Amino acid sequence: MSGGAHITLLAFGQVGEMVIENQRPISAGETVEKLLNALCIEHSGLEASVEHPRFRVAVNQAVVPFGHILRDGDEVALLSPVSGG
Amino acid sequence: MSGGAHITLLAFGQVGEMVIENQRPISAGETVEKLLNALCIEHSGLEASVEHPRFRVAVNQAVVPFGHILRDGDEVALLSPVSGG
Amino acid sequence: MTGRDHIRCTDAPIDPEAEHRLMRGKLIGDGAMVSFTGIARPVAQDDKNIVTLRLQHYPGFTEGSIAKGVAQARARWGIGQCHIVHRVGDMAPGDPIVFVATSARHRRAAFEATDFLMDWLKTEAAFWKCEITDNGTTWIEPRAKDIQDSQRWKDKVDG
Amino acid sequence: MTGRDHIRCTDAPIDPEAEHRLMRGKLIGDGAMVSFTGIARPVAQDDKNIVTLRLQHYPGFTEGSIAKGVAQARARWGIGQCHIVHRVGDMAPGDPIVFVATSARHRRAAFEATDFLMDWLKTEAAFWKCEITDNGTTWIEPRAKDIQDSQRWKDKVDG
């Protein structure tokens, strides 16, 4: 990947069936919330999952609030509600 | 063993250190209590163990009250308070 | 005692994993298996090092006293398999002394039944135990903690 | 996570007895070891036969979510060893899906810590599970019973 900031997008559980894991450009100061909004426009059906009270986002393996600002090289994981083992 | 009724005497736990397991003659209508009285006379120190609230006697593998009447061929077991496994 | 119960006293060393595998091979549709392995402790109640732990049992009668606990566990938790192996005779600190396992459709029943059976073994089963240290031989009675633990199950039944 | 913790997710079949032996070999003076083995169920929540159970995990993050539960168990029960192996990927009904074991000086701590860790795994650990039947694929959420079970430990802390 060249030019501008990128994140690595991962998705687990039901959300993983809707979102394709990939490298993705981000704009300066892009928050998790803005990323989610963009993804919901791109992927129909995603909005219901994202609004689930137990849906989480992890950045570099740590769960973050949706206001968290993304940086170049971040690993961003969309975490469907966990099933447990 | 010949002549008259006999029991097989077994003893477990602390009581087993005092009483020798053996074949032993019994009189007609002899109860567990009478047997215990006789054993306490023969074996010094036994009385305290027999009077422990958790001391039991089993006849043919079933715990019996001390009034139980012994019969020829019975297996009589003196059971010290159990330790658990 | 049903065909799903395995109750055994043995003077040979216990191999907990062999027992676990034997039991697990009999599972029929159960989703949960809980096992307990007890290991002979190195220190006696008087804080002396234990040289030998000696466990006496009354063949037949002792297994019967265990079976009563198993019957209660079955009635209460509807467990699948039940597997109990108890070491008897002389053993050294560090030796496995008891292996207990139960299975059930769901894990809560298997946890509680195994826990209950250990409390039963510790207070009701017909074993006589003495610790042999350099100080001599001491016969053991159930610890107050064991009696207290076993009381939990009665409380629940009454409550 | 200390040297006494073993936390592993694996897409290879679990051998519960091998894990039990591995853990037991590390015991230092503990008198009690409790293990739980969970086995993949043959029937889905919609009563259809399960063809495949699929478990997804997030390498690193999932182990971290398990380690949080282990840290809580250590703080609360002072356990000795802790050994957790979780199967991930595709598995068939009857396959062992999880093995959890803890050791402690006395059995109550080992029973409670293992029980707690299973509740933790069932509600807090980062796994995503789907059942594949002839009806299709269904993503699973924790059962109400699992959430209720995990609540027990919070009640105790608060109470």
Side-chain angles (χ1 to χ4, degrees), chain C residues 14-25 27-43 49-50 53 80-81 93-119 121-122 143 145-146 148-150 152, chain D residues 14-25 27-43 49-50 53 80-81 93-119 121-122 143 145-146 148-150 152:
Chain C
I14 294 176
D15 178 341
E17 289 79 21
E19 304 298 341
H20 196 282
R21 191 178 297 280
L22 185 59
M23 150 106 178
R24 192 164 63 86
L27 298 191
I28 304 168
D30 282 337
M33 173 171 169
V34 171
S35 82
F36 176 86
T37 302
I39 292 140
R41 294 209 180 79
V43 178
N49 287 335
I50 293 175
L53 182 69
Q81 302 292 323
D95 285 0
I97 176 170
V98 61
F99 176 87
V100 174
T102 68
S103 69
R105 282 181 59 81
H106 298 291
R107 70 183 183 283
R108 187 109 313 284
F111 270 115
E112 294 194 3
T114 307
D115 194 359
F116 166 84
L117 285 168
M118 275 311 302
D119 286 343
L121 286 170
K122 286 284 180 183
R143 297 181 307 148
K145 182 76 175 79
D146 288 327
Q148 184 188 324
D149 280 353
S150 72
R152 292 178 302 150
Chain D
I14 295 175
D15 179 343
E17 290 78 23
E19 303 299 340
H20 195 283
R21 189 178 299 279
L22 185 59
M23 148 107 178
R24 192 164 64 85
L27 298 191
I28 304 165
D30 282 337
M33 172 173 168
V34 171
S35 80
F36 176 87
T37 301
I39 292 141
R41 293 210 180 81
V43 177
N49 288 334
I50 292 174
L53 183 69
Q81 302 293 323
D95 285 359
I97 175 169
V98 61
F99 176 88
V100 174
T102 69
S103 69
R105 282 181 59 81
H106 297 291
R107 71 183 181 283
R108 187 112 309 287
F111 269 116
E112 294 194 3
T114 307
D115 194 358
F116 166 83
L117 286 168
M118 275 310 302
D119 286 343
L121 285 171
K122 286 285 180 182
R143 296 182 307 148
K145 180 78 174 79
D146 289 325
Q148 184 188 324
D149 280 353
S150 72
R152 292 179 303 150

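Per chain, numbering begins at 1; letters A, B, ... match sequence-line order. Just so you know, these numbers come straight off a predicted model, no measurement behind them.
- For D:Asn49, there are no side chain to side chain donor-acceptor pair (under 3.5 Å) partners two or more places apart in sequence or in a different chain.
- Using a 4.5 Å cut-off between heavy atoms, C:Ile97 does not touch chain D at all.
- Among D:Arg108, D:His106, D:Arg41, the residue making the largest number of heavy-atom pairs under 4.5 Å with chain C is D:Arg108.
- The part of C:Arg105 that comes within reach of chain D is its backbone (N, CA, C, O), which places non-hydrogen atoms under 4.5 angstrom from that chain.
- Among D:Lys145, D:Met118, D:Arg24, the residue with the largest count of heavy-atom pairs under 4.5 Å with chain C is D:Arg24.
- For C:Thr114, the parts lying under 4.5 angstrom from a heavy atom of chain D are both the backbone and the side chain.
- The aromatic rings of D:Phe111 and C:Phe36 sit parallel to each other, their planes meeting at less than 30°, with 60° as the upper class boundary.
- Heavy atoms closer than 4.5 Å to chain D are found in both the backbone and the side chain of C:Arg21.
- Salt bridge status for C:Asp30 with C:Arg107: absent, with no side-chain N to carboxylate O gap under 4.0 Å.
- Within the 4.5 angstrom heavy-atom criterion, only side-chain atoms of C:Asp149, from C-beta onward, approach chain D.
- Proximity to chain D (any heavy atom under 4.5 Å) is shown, for C:Pro93, by neither the backbone nor the side chain.
- Considering only heavy-atom pairs separated by less than 4.5 Å from chain D, the leading option among C:Ala110, C:Ser35, C:Gly31 is C:Ser35.
- Of the listed residues D:Val34, D:Thr37, D:Val100, the one with more heavy-atom pairs under 4.5 angstrom with chain C than any other is D:Thr37.
- Atoms NE2 and CD, on C:His20 and D:Glu19 in that order, are 11.0 Å from each other to the nearest 0.5 Å.
- In summary, C:Asp119 and C:Arg152 engage in a salt bridge, as defined by a charged side-chain N under 4.0 Å from a carboxylate O.
- Here the side chain of C:Asp15 pairs a donor or acceptor atom with the backbone of C:Glu17 at under 3.5 angstrom.
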Going through the checks in order, is the side chain to side chain contact (heavy atoms under 4.5 Å, CB included) test met by C:Ser103 and C:Met23? CA-CA 9 Å; C:Ser103 69; C:Met23 150 106 178; 3.7 Å; yes
